[in-house]
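Scroll down for the structure; my scribbles are underneath it.
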Amino acid sequence: MPSVRLENVWKNFGSTQVLKGIDLEINDGEFMILLGPSGSGKTTALRIVAGLERQDKGHVWIGDKLVDDLTPRERNIAMVFQNYALYPHKTVYENIEMPLKARKIDRADIKSRIEEISKTLEISSLLERYPRQLSGGQQQRVALARALVRHPQAFLLDEPLSNLDAKLRVSARSFLKSLQKELGVTTIYVTHDQAEAMAMADRIALISDGIIQQLSGPEDVYFYPKNTFVASFLGSPPINLFSGELSGGNLKFLNTNIHIGLSEQFNGHVAVGIRPEDISIAKDGIPAKVMVVEPLGHEYIITLKSGNELYKARIFGKLSISMNDDIYIAFDPGKLLVFLDNKRIWPVK
């Protein structure tokens with residue numbers, strides 16, 4: 001399967017700039033996820049790759065071929081949308097065969113391809129049913145089969161799991177990840193769901209305001225965010241960001257002082273990030289008042305207050321504290337994130 005490359009891609013809708021010079025290369029066989037909030041430009045970038053939108057500036061390459069002037073059909077790109085877009089009056093078999101009939105492929109070859117992809121996606125027993133007779137997960141697999149049966153150069157998915165219930169989404173994302181690895185199809189997947197992105201991606205392109213804020217593997221995006229937007233977007237509950245002061249490598253926040261070994265060129269007002277799961281309850285340390293306790297079975301989400309700072313801790317295991325309790329909290333200084341002018345300066349990587 002070929003790689004896909006966007007080169008300095010810009011797109012405007014009227015006076016609104018949606019994409020602002022996107023540079024992105026998806027490697028051969030890679031599972032790339034475009035992650036970001038609504039309106040960030042991720043779906044527009046996907047549609048430009050598919051040929052459904054035309055960029056105002058820049059280029060799109062599939063393999064070593066410039067495809068700016070090619071129609072969606074000529075690009076041989078398969079796309080699965082959020083609503084699956086199955087024809088209700090056609091059987092599953094007829095839905096899957098449609099892109100092959102449009103290309104005037106031999107009927108024997110059509111039958112062979114449908115049998116192959118149906119077996120792979122475990123929908124062979126559904127071929128004579130109609131979409132109304134299928135569950136949401138089964139409809140999703142039919143839409144995938146219809147896209148993949150063409151043997152596309154790349155596979156584009158626009159929030160394909162958003163119509164499924166929570167339990168089915170977890171199993172569907174595992175299925176999709178294993179299927180992509182089995183087929184080796186270059187894949188671009190759009191979502192706003194951080195859990196999907198972290199669980200499925202080889203790399204994540206986190207987009208905000210038409211700009212790629214960070215492009216790296218899931219663990220790097222989470223543990224080494226480039227800026228406060230990336231740090232805040234990933235994590236549930238979101239990262240706690242405290243106001244702090246940095247001077248000569250000494251960091252002061254929450255009425256505590258920590259030496260983090262940064263050079264003296266970094267001084268001034270900073271934002272200090274601590275993930276909720278990195279905060280623990282201690283016998284002594286930083287005083288905190290318990291404002292809210294949310295029991296979730298295997299864990300507790302606790303809203304705490306120290307001075308004027310409100311923040312959250314994620315505590316695993318059994319816990320016996322209540323609202324308005326006075327407690328102490330502690331954290332591992334090695335897991336702090338420090339941002340100067342919204343850019344990460346610590347840890348240095």
Side-chain angles (χ1 to χ4, degrees), residues 1-9 11 19 22-36 41-55 58-85 96 98-100 102-103 105 113-114 116-117 120-121 140-162 172-173 175-191 196-197 199-207 212 215-218:
M1 296 294 167
S3 61
V4 177
R5 178 158 54 96
L6 288 82
E7 182 182 284
N8 192 30
V9 170
K11 178 65 179 178
L19 297 179
I22 293 287
D23 286 302
L24 177 63
E25 182 161 1
I26 298 95
N27 299 321
D28 180 7
E30 183 175 26
F31 200 136
M32 172 68 73
I33 287 190
L34 307 185
L35 175 66
K42 56 190 186 297
T43 294
T44 299
L46 192 77
R47 290 174 62 84
I48 286 172
V49 173
L52 300 174
E53 298 282 356
R54 179 66 186 261
Q55 67 271 25
H59 302 290
V60 178
W61 300 77
I62 298 177
D64 57 0
K65 188 173 185 179
L66 184 65
V67 298
D68 292 343
D69 297 322
L70 298 187
T71 65
R73 180 174 177 177
E74 291 170 329
R75 297 183 188 200
N76 191 21
I77 296 288
M79 191 164 183
V80 174
F81 297 94
Q82 179 178 342
N83 63 4
Y84 310 142
I96 297 173
M98 286 196 64
L100 301 180
R103 285 164 172 74
I105 291 175
R113 287 202 198 183
I114 292 177
E116 178 187 10
I117 197 65
T120 300
L121 293 171
Q140 180 225 22
R141 292 192 183 200
V142 173
L144 293 173
R146 186 178 59 186
L148 291 169
V149 76
R150 295 167 38 195
H151 298 166
Q153 293 192 90
F155 194 25
L156 312 184
L157 300 104
D158 189 6
E159 307 216 29
L161 307 185
S162 58
R173 75 191 188 202
F175 170 78
L176 269 177
K177 183 174 182 177
S178 62
L179 177 68
Q180 193 271 339
K181 293 307 173 191
E182 178 185 341
L183 300 177
V185 183
T186 304
T187 300
I188 310 174
Y189 184 110
V190 162
T191 184
E196 282 182 17
M200 298 168 71
D202 292 326
R203 286 190 299 160
I204 295 171
L206 183 48
I207 301 175
I212 295 179
L215 173 62
S216 53

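The figures that follow rest on heavy atoms only: side chains count, while hydrogens, waters and symmetry mates do not.
Formation of a donor-acceptor pair under 3.5 Å by the D23 side chain with backbone atoms of E7 is not found in this model. The closest donor-acceptor contact from the side chain of R146 to the backbone of M98 lies at 3.5 Å or more, if one exists at all. A donor-acceptor distance shorter than 3.5 angstrom exists from the side chain of D68 to the backbone of V60, with no hydrogens or angles considered. Judged by distance alone, with hydrogens and angles left aside, the side-chain atoms of Q180 form a donor-acceptor pair with the main-chain N or O of V185 at under 3.5 Å. Judged purely by atom type and a 3.5 angstrom limit, T186 has no side-chain atom pairing as donor or acceptor with the backbone of S3. A donor-acceptor pair is defined here as one N or O able to donate and one able to accept, closer than 3.5 Å; such a pair exists between the side chain of Q153 and the backbone of R75. A donor-acceptor pair under 3.5 Å is formed between the side chain of K177 and the backbone N or O of A199. In terms of modelled atom types and a separation under 3.5 Å, the side chain of D202 and the main chain of F31 share a donor-acceptor contact. Between the side chain of R141 and the backbone N or O of L121 there is at least one donor-acceptor pair closer than 3.5 Å.
With values rounded to the nearest 0.5 angstrom, T187 atom OG1 is found 10.5 Å from I26 atom CD1. The CG atom of L34 lies 7.5 Å from the CD1 atom of I212; values are rounded to the nearest 0.5 Å. In this structure, CD1 on I77 lies 11.5 Å from OG1 on T71, to the nearest 0.5 angstrom. To the nearest 0.5 Å, atom CD1 of residue I62 and atom CZ of residue R5 are 11.5 Å apart. Residue L19 holds its CG atom at 11.0 Å from CG of N8, rounded to the nearest 0.5 Å. Atoms CD1 and CG, from I188 and L24 in turn, are 7.0 Å apart once rounded to the nearest 0.5 Å.
Contact between F175 and T120 at its shortest, heavy atoms only, is CE1-O, 4.4 Å. For the residue pair Q140 and L176, the shortest heavy atom distance occurs at NE2-CD1, 3.8 Å. In plain terms, the two heavy atoms of R73 and A102 that are nearest each other are NH2-O, 3.1 Å. Scanning all heavy atoms of the two residues, the minimum distance from L156 to A50 falls at CD1-CB, 3.6 Å. Residues I96 and A145 share a closest heavy-atom pair of CD1-CB, 3.8 Å. The two residues V149 and P99 make their nearest non-hydrogen contact at CG1-CG, 4.2 Å.
Around atom NZ of K181, more than 12 heavy atoms belonging to other residues, nucleotides or ligands sit under 6.0 Å away.
Annotation: cation-pi pair R173/Y189 absent, no NZ/CZ under 6.0 Å from the ring centroid and within 45° of its normal.
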Intermediate values then yes/no, side chain to side chain contact (heavy atoms under 4.5 Å, CB included), M79 and L52: CA-CA 11 Å; M79 191 164 183; L52 300 174; 3.8 Å; yes

So V190 and R47, side chain to side chain contact (heavy atoms under 4.5 Å, CB included) or not? Walk me through it. CA-CA 10 Å; V190 162; R47 290 174 62 84; over 6 Å; no

Walk me through it: do I48 and I22 pass the test side chain to side chain contact (heavy atoms under 4.5 Å, CB included)? CA-CA 11 Å; I48 286 172; I22 293 287; over 6 Å; no

Does the side chain to side chain contact (heavy atoms under 4.5 Å, CB included) test come out yes or no for K42 and E159, once each step is laid out? CA-CA 11 Å; K42 56 190 186 297; E159 307 216 29; 4.2 Å; yes

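Using a 4.5 Å heavy-atom cutoff, the side chains of E25 and E30 are not in contact. Taking the side chain as every heavy atom from C-beta outward, M200 and T191 never approach each other to under 4.5 Å.
Salt-bridge annotation for R54 and D69: present, with a side-chain N of the basic residue lying under 4.0 Å from a carboxylate O of the acidic one.
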